[in-house]
Amino acid sequence: PIMQRLLELDLGDDIVFRTKLDLACATREGDIAIVDVKSASMEFPEVLAPLSDQITAYNIAVLAHAESLGLQSVDKVGFIELIKKTIPKTARGEGPVIREPKLVNARDHSQMESYLQKVRWTAAAIVRQEFARDPRYAHNTPCSMCFAASACSGTGDVDGIDFAKAKVLPDALRSRLAA
């Protein structure tokens, strides 16, 4: 396993991308997995692993340093959750628990390029001293409430989605429907 490793990438234009990897390991099936360890009082929604920018950042950084880390690929990415719950005083209830890892396929080239473009846009906005308020990076993402989450979260599944509910389609969904 590789734990708590600071990884840096020079993206050019004076942009240095830094991330601190929680864990890279092999699964029981022999896949190389990048795992973010989360400690929370409730489980994360299933839609988070396929959409998480943090996991995408880890995936990019590990691939950029794969040779020096002794890795040839990354197969899976996701979370392991350490759920904080009060130890029950009676036989009823559940105390703290470690959940099975929630892993999905590693990011593909287009997902990583899209994220790197977002990083470059964000860096350019910072240089211009433009700071948009965006408090939605917690585990309770609005994506978990979206009627079309299955289409955006990597499965591409649009069966059974009632598009009449949509006021505006997210770009990720629009591109999937156009294909």
Side-chain angles (χ1 to χ4, degrees), residues 1-25 32-40 44-81 101-146 148-149 151-156 166-179:
I2 301 166
M3 298 178 68
Q4 293 294 301
R5 179 76 59 99
L6 179 64
L7 300 171
E8 294 184 355
L9 291 139
D10 184 349
L11 299 181
D13 298 324
D14 292 325
I15 301 171
V16 177
F17 180 79
R18 291 182 183 96
T19 188
K20 190 169 189 179
L21 174 70
D22 279 355
L23 174 66
C25 60
I32 300 300
I34 298 170
V35 181
D36 185 32
V37 180
K38 294 291 187 194
S39 176
F44 291 88
E46 292 292 326
V47 72
L48 185 62
L51 297 176
S52 168
D53 281 347
Q54 183 177 13
I55 293 295
T56 305
Y58 289 165
N59 199 158
I60 292 166
V62 167
L63 285 176
H65 291 275
E67 187 176 334
S68 67
L69 295 172
L71 302 174
Q72 294 182 359
S73 67
V74 172
D75 305 303
K76 300 287 183 182
V77 295
F79 299 97
I80 189 164
E81 299 167 305
K102 292 180 181 175
L103 300 176
V104 297
N105 289 331
R107 304 299 195 247
D108 64 30
H109 181 75
S110 67
Q111 290 170 310
M112 290 186 283
E113 281 300 318
S114 177
Y115 176 73
L116 286 173
Q117 183 58 54
K118 182 178 178 179
V119 169
R120 289 180 184 101
W121 288 335
T122 302
I126 290 168
V127 167
R128 294 189 307 268
Q129 296 186 5
E130 298 172 357
F131 304 99
R133 182 172 180 237
D134 191 0
R136 298 179 298 157
Y137 290 111
H139 70 276
N140 57 344
T141 172
C143 295
S144 63
M145 298 180 284
C146 179
C152 292
S153 65
T155 65
K167 294 179 183 169
V168 177
L169 290 177
D171 289 341
L173 182 56
R174 187 182 341 277
S175 66
R176 288 196 186 275
L177 293 175

Might you confirm whether atom CD of Q117 has over 12 heavy atoms from other residues, nucleotides or ligands at distances under 6.0 Å? yes
Greater than 12 external heavy atoms within 6.0 Å of R120's CZ: yes
Checking the side chain of D75 only, and the main-chain atoms of I32 only, is there a donor and an acceptor separated by less than 3.5 Å? yes
Other residues, nucleotides, ligands: >12 heavy atoms within 6.0 Å of Q72 CD: no
Residues A61 and T19: closest non-hydrogen pair is CB-CG2, 3.5 Å
I55 side chain near R107 side chain, heavy-atom distance below 4.5 Å: yes
How would you list, by chain and number, every residue that makes a side chain to side chain donor-acceptor pair (under 3.5 Å) with K76, sequence neighbours excluded? N105
Please say which of V77, D22, L7 ends up in a side-chain contact (heavy atoms from CB on, under 4.5 Å) with Y58. D22
Any non-hydrogen side-chain atom of K102 less than 4.5 Å from a side-chain atom of L48? no
Shortest non-hydrogen contact from A49 to G78? CB-CA, 4.5 Å
Compare every heavy atom of F17 with every heavy atom of A57, then report the nearest pair and how far apart it is. CB-CZ, 3.5 Å
Applied to residues 7-17, the salt bridge (Lys or Arg N to Asp or Glu O under 4.0 Å) test, sequence neighbours excluded, yields E8-R18
When you look at Q111 and N59, which way does the side-chain contact (heavy atoms from CB on, under 4.5 Å) test go after all the steps? CA-CA 10 Å; Q111 290 170 310; N59 199 158; over 6 Å; no
T122 side chain to K118 backbone, donor-acceptor under 3.5 Å: yes
How long is the straight-line distance from CD1 of I60 back to CG of L116, given to the nearest 0.5 Å? 4.0 Å
L71 side chain near I2 side chain, heavy-atom distance below 4.5 Å: yes
